[in-house]
2 protein chains.
Amino acid sequence: MKRRTGAATIAEVAAAAGVSPATVSRVMNDRFLGDASIAERVRSVAIDLAYSPSHLARSLALGQTSAIAFVVPDLANPAFQAMLSSLSKAAAKDGYRVLVADSAESPSDEPLLVSEIRRRCDAVVLCAPRMSDAELVSLAGSLRPLVLINRANDQIDAPSLSIDYRSGIQDLAQHLADLGHRHLVFIEGPEGSASNRHRVDGLDDFQRRSPGVRIDRIPGGATSEDGLAVAARVRDSGATAALAFNDLVAIGLLNGLINLGVRVPEDMSVTGFDDIPFARYTTPPLTTLSVPHEELGAQAWHRMRALVSGEKPEPNVVFHPRLEVRGSTGPAPR
Amino acid sequence: MKRRTGAATIAEVAAAAGVSPATVSRVMNDRFLGDASIAERVRSVAIDLAYSPSHLARSLALGQTSAIAFVVPDLANPAFQAMLSSLSKAAAKDGYRVLVADSAESPSDEPLLVSEIRRRCDAVVLCAPRMSDAELVSLAGSLRPLVLINRANDQIDAPSLSIDYRSGIQDLAQHLADLGHRHLVFIEGPEGSASNRHRVDGLDDFQRRSPGVRIDRIPGGATSEDGLAVAARVRDSGATAALAFNDLVAIGLLNGLINLGVRVPEDMSVTGFDDIPFARYTTPPLTTLSVPHEELGAQAWHRMRALVSGEKPEPNVVFHPRLEVRGSTGPAPR
DNA sequence: ATAGTTCGAGAAAGCGGTTTCACGCGTGGT
DNA sequence: ACCACGCGTGAAACCGCTTTCTCGAACTAT
């Protein structure tokens with residue numbers, strides 16, 4: 001096959017040190033119990049040859065790669081980036097690395113993408129998958145160890161971390177109602193997204209409880225561009241307050257409204273969802289729901305570590321986002 | 001060793017289909033030339049057994065993992081996130097995955113971290129490494145294939161993509177000078193960071209050319225917190241304009257100044273660097289230098305692909321960031 | 001009918017480690 | 001002086017896949 005990479009192999013070190021590969025392996029892994037002078041010799045030869053064990057070969061023999069995958073629907077979203085950042089940091093502390101994948105391009109191949117990436121590592125953290133429940137359930141078995149973020153499912157036996165979108169969006173609606181708004185409009189997230197569905201359900205609950213409030217819905221998306229795009233429709237909707245699917249949409253919307261001469265919050269209130277780092281810096285600062293993304297990433301790793309080491313993971317948790325009232329919401333006009 | 005993972009192996013498929021593992025391998029890789037009925041039988045057995053080749057074993061045999069590493073000094077920085085996002089997308093199109101690592105925690109082990117992660121994959125994209133030139137040069141050989149972002153070095157034979165911080169910061173300074181500012185203050189980036197050094201060099205050039213302008217320096221950092229922290233010092237510096245190391249710092253500074261009752265840009269102008277997606281949404285919108293991060297990520301992959309496939313990579317490029325004048329800069333007071 | 005090709009498919013040798021198991025040696029008990 | 005035991009070390013099997021090489025069967029040419 002003759003495909004030498006140039007790097008020294010354990011056999012070469014063994015030969016150079018006059019010992020067997022088994023001994024080199026033991027020395028390299030601090031499992032060597034014999035004569036210290038041998039260990040020393042091996043170590044020095046290893047350094048001379050710039051030997052460093054092939055992680056690949058090691059993984060194959062050991063049956064584990066010390067890597068996990070993190071799959072998100074949109075790597076460009078700060079909310080997911082925050083999770084990735086903390087997940088990666090937490091995993092690194094235990095010697096694990098994370099492999100990323102973004103299913104944005106073609107949500108329809110998400111199951112394939114996930115299966116493929118799962119085979120490259122020891123486990124997968126699936127964040128807010130867009131695939132259907134049926135697909136998710138049927139895939140879950142082959143994905144294990146698996147940690148689910150933002151997509152609890154009692155048919156799946158995997159630790160799950162989630163955010164209570166349903167009650168969260170109601171807090172937002174209540175906040176607006178308290179300010180006197182009676183006509184709200186919700187800019188929806190990506191079609192088929194579970195987290196959008198939860199928000200819609202929450203708003204339905206709310207509306208049921210508050211007959212005096214009307215809530216319209218406008219199709220939107222998950223990015224600032226989507227928010228910008230619906231600005232005119234929002235202005236013309238007759239509503240006095242807009243609930244955006246997330247902060248990104250809210251920021252785009254904010255910008256669009258301002259460009260249209262709509263004053264926020266005097267003419268119209270706007271809310272976001274996520275509390276991404278920049279929500280506090282917009283003009284006006286965005287009223288939103290604070291979701292602890294860093295915490296989610298870190299917790300995901302804790303669950304995962306338990307899983308891969310055969311322990312019983314801590315119980316699932318549902319985070320209740322905290323209402324963060326800032327300047328983008330105010331009393332209803334008139 | 002007995003560490004069966006439960007997944008079917010090629011040998012099992014071969015046995016079940018009554019052929020040799022070699023044949024199964026050929027069928028799975030579309031390299032099979034023999035009888036079509038055999039291929040069909042193998043495929044059907046593979047499906048029955050839910051067989052999927054071990055990527056690990058495959059990588060070992062093939063001598064390549066189809067994964068690359070992306071190492072940044074701070075995964076929480078939107079500028080690096082943007083590169084990661086586009087790099088990952090571009091690499092995915094060619095069947096490659098990216099492994100991330102953040103050297104923020106302990107910059108001193110950056111060389112170790114990089115070497116370690118390099119051994120897990122086929123190549124590494126090193127972004128704005130904080131390590132010294134000497135370390136970088138001595139490490140480069142063992143890292144190859146290597147693509148460098150934001151850290152050109154003619155002693156290293158690796159494609160490099162960089163941003164002309166040096167002239168960029170001068171554009172910013174010139175912009176401020178044109179507005180009548182005669183006393184500027186630069187909030188420095190992380191100590192020892194090469195990109196900070198380039199900015200400082202640029203400002204030195206500028207000052208040499210423009211004797212009427214004074215430029216002070218204040219130690220800062222690379223995050224919003226760092227910007228917030230120096231707000232008072234900036235206010236008291238006597239300068240009428242502040243150049244922040246990057247947008248994150250600028251945003252923190254903006255906020256800090258506003259909290260202190262300093263009006264931007266009436267009392268003081270503020271500039272950033274990077275043009276992260278949120279720079280346009282701050283209050284006032286941030287004047288900054290637009291760096292094409294997505295482009296950098298995509299280009300990095302193009303270079304990398306050339307490298308791993310043995311072609312000659314396209315020439316190095318130096319991106320000249322574009323001055324993006326927004327609302328955070330204005331005429332000098334008085 | 002026999003020798004020379006061609007072609008399909010399997011045996012086996014890697015890839016680079018880890019680990020079990022066995023072997024040889026020195027020690028201690030009787 | 002002999003046997004059991006312990007201990008350090010190496011041989012070899014194994015992780016799961018790819019690929020070269022080889023061999024035998026089928027097929028053409030004389």
Side-chain angles (χ1 to χ4, degrees), chain A residues 1-43 45-46 49-67 116 118-122, chain B residues 1-43 45-46 49-67 116 118-122:
Chain A
M1 218 172 312
K2 210 61 330 153
R3 171 193 323 105
R4 296 306 315 284
T5 56
T9 72
I10 200 173
E12 290 166 4
V13 174
V19 299
S20 77
T23 298
V24 176
S25 172
R26 290 193 262 253
V27 171
M28 299 304 290
N29 294 290
D30 291 324
R31 253 191 263 306
F32 185 79
L33 299 169
D35 195 47
S37 73
I38 295 184
E40 206 31 68
R41 179 152 42 95
V42 169
R43 267 188 259 275
V45 169
L49 268 50
Y51 169 71
S52 154
S54 153
H55 194 86
L56 215 50
R58 200 152 186 284
S59 296
L60 182 60
L62 255 28
Q64 67 149 43
T65 63
S66 298
E116 188 273 336
R118 169 62 183 85
R119 302 205 51 68
R120 291 169 170 261
C121 54
D122 298 341
Chain B
M1 217 173 309
K2 219 33 6 132
R3 169 190 327 99
R4 297 305 316 287
T5 54
T9 73
I10 200 173
E12 290 165 3
V13 174
V19 300
S20 77
T23 298
V24 176
S25 172
R26 291 192 261 255
V27 171
M28 299 303 291
N29 294 291
D30 291 323
R31 255 191 258 309
F32 185 78
L33 301 170
D35 193 49
S37 72
I38 294 185
E40 206 31 67
R41 178 153 40 96
V42 168
R43 265 188 261 276
V45 169
L49 269 49
Y51 170 71
S52 155
S54 152
H55 193 87
L56 213 51
R58 197 152 189 285
S59 295
L60 182 60
L62 254 29
Q64 65 147 38
T65 62
S66 298
E116 187 272 336
R118 169 62 183 85
R119 300 205 52 67
R120 290 170 171 259
C121 53
D122 298 341

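Both backbone and side-chain heavy atoms feed into the values below; hydrogens, waters and symmetry mates do not. Here the structure is a predicted model, which is why all the values come from computation and not from measurement. We name chains A, B, ... by the order of the sequence lines, and we start the count at 1 in each one.
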TODO: Determine the contact category for B:Leu33: base if any of its heavy atoms lies under 4.0 Å from a base atom, sugar-phosphate if only primed atoms, P, OP1 or OP2 are that close, otherwise nothing.
DONE: sugar-phosphate

Rounded to whole Å, the CE-P distance (B:Met28 to D:dT18) equals 9 Å

Rounding to the nearest 10°, end axes of the helix from C:dA1-D:dT30 to C:dT30-D:dA1 built from five pairs each make an angle of 60°

Distance col, row B:Glu116:CD vs A:Ser52:OG, nearest 0.5 angstrom, shows 9.0 Å

message: Does any part of the side chain of A:Phe32, heavy atoms only, come nearer than 4.5 Å to the side chain of A:Val42, both counted from C-beta?
response: no

Worksheet item: Would you say a side-chain N or O of B:Arg31 is under 4.0 Å from OP1 or OP2 of D:dT18?
Response: no

Rounded to whole Å, the CD-C1' distance (B:Glu12 to D:dC17) equals 13 Å

So CZ of A:Arg58 and CE of A:Met28: to nearest 0.5 Å the spacing works out to 9.5 Å

A:Leu56 CG to C:dG16 P, in whole Å, measures 10 Å

Using modelled atom types and a 3.5 Å cut-off, is there a donor and acceptor pairing between side-chain atoms of A:Arg26 and backbone atoms of A:Asn29? no

Result for 5'-nearest mapping on DNA chain C, choosing between B:Gly34 and A:Pro21, is B:Gly34

A:Arg58 CZ to C:dT19 C1', in whole Å, measures 12 Å

When B:Ala22 and A:Pro53 are each assigned the nearest nucleotide of DNA chain C, the 5'-most assignment goes to B:Ala22

Checking D:dT9, C:dG17, D:dC17 against the side chain of A:Ala61 (C-beta onward), the nearest is C:dG17

| request: Mark yes or no for whether A:Arg118, through its side chain, and A:Cys121, through its backbone, hold a donor-acceptor pair below 3.5 Å. | output: yes

Atom CG of A:Leu62 and atom P of C:dG17 are separated, to the nearest Å, by 12 Å

Interatomic distance, CG@A:Leu62 vs CG@B:Leu56, rounded to 0.5 Å, equals 10.0 Å

Are OP1 or OP2 of C:dG10 and a side-chain N or O of B:Thr23 less than 4.0 angstrom apart? yes

Check every strand shown and say whether B:Ser25 touches a base, only sugar-phosphate, or nothing at a heavy-atom separation below 4.0 Å. base

Looking for any heavy atom pair under 4.0 Å, which part of the strands does B:Val24 touch: base, sugar-phosphate only, or nothing? nothing

Picking from C:dG16, D:dT9, D:dC17, the nucleotide nearest the side-chain atoms of A:Thr9 would be C:dG16

query = For A:His55, does its backbone N or O pair with a side-chain atom of A:Ser59 as donor and acceptor, under 3.5 Å?
reply = yes

In whole angstroms, the gap separating C1' of C:dT19 from CD1 of A:Ile10 amounts to 11 Å

note: A:Arg41, atom CZ; D:dT9, atom C1'; distance rounded to Å ~ 12 Å

Please check: side-chain N/O of B:Arg120 versus main-chain N/O of A:Thr65, any donor-acceptor pairing under 3.5 Å? yes

**Asked** Under 4.0 Å between a side-chain N/O of A:Arg26 and OP1 or OP2 of D:dG8, yes or no?
**Response** no

Whole-Å distance, B:Asn29 CG to D:dG16 C1', equals 13 Å

The nucleotide from C:dT18, C:dA11, D:dT18 with an atom nearest the side chain of B:Ser20 is C:dA11

request  = Please work out if B:Ile38 contacts a base, only the sugar-phosphate, or nothing of the nucleic acid, heavy-atom cut-off 4.0 Å.
outcome  = sugar-phosphate

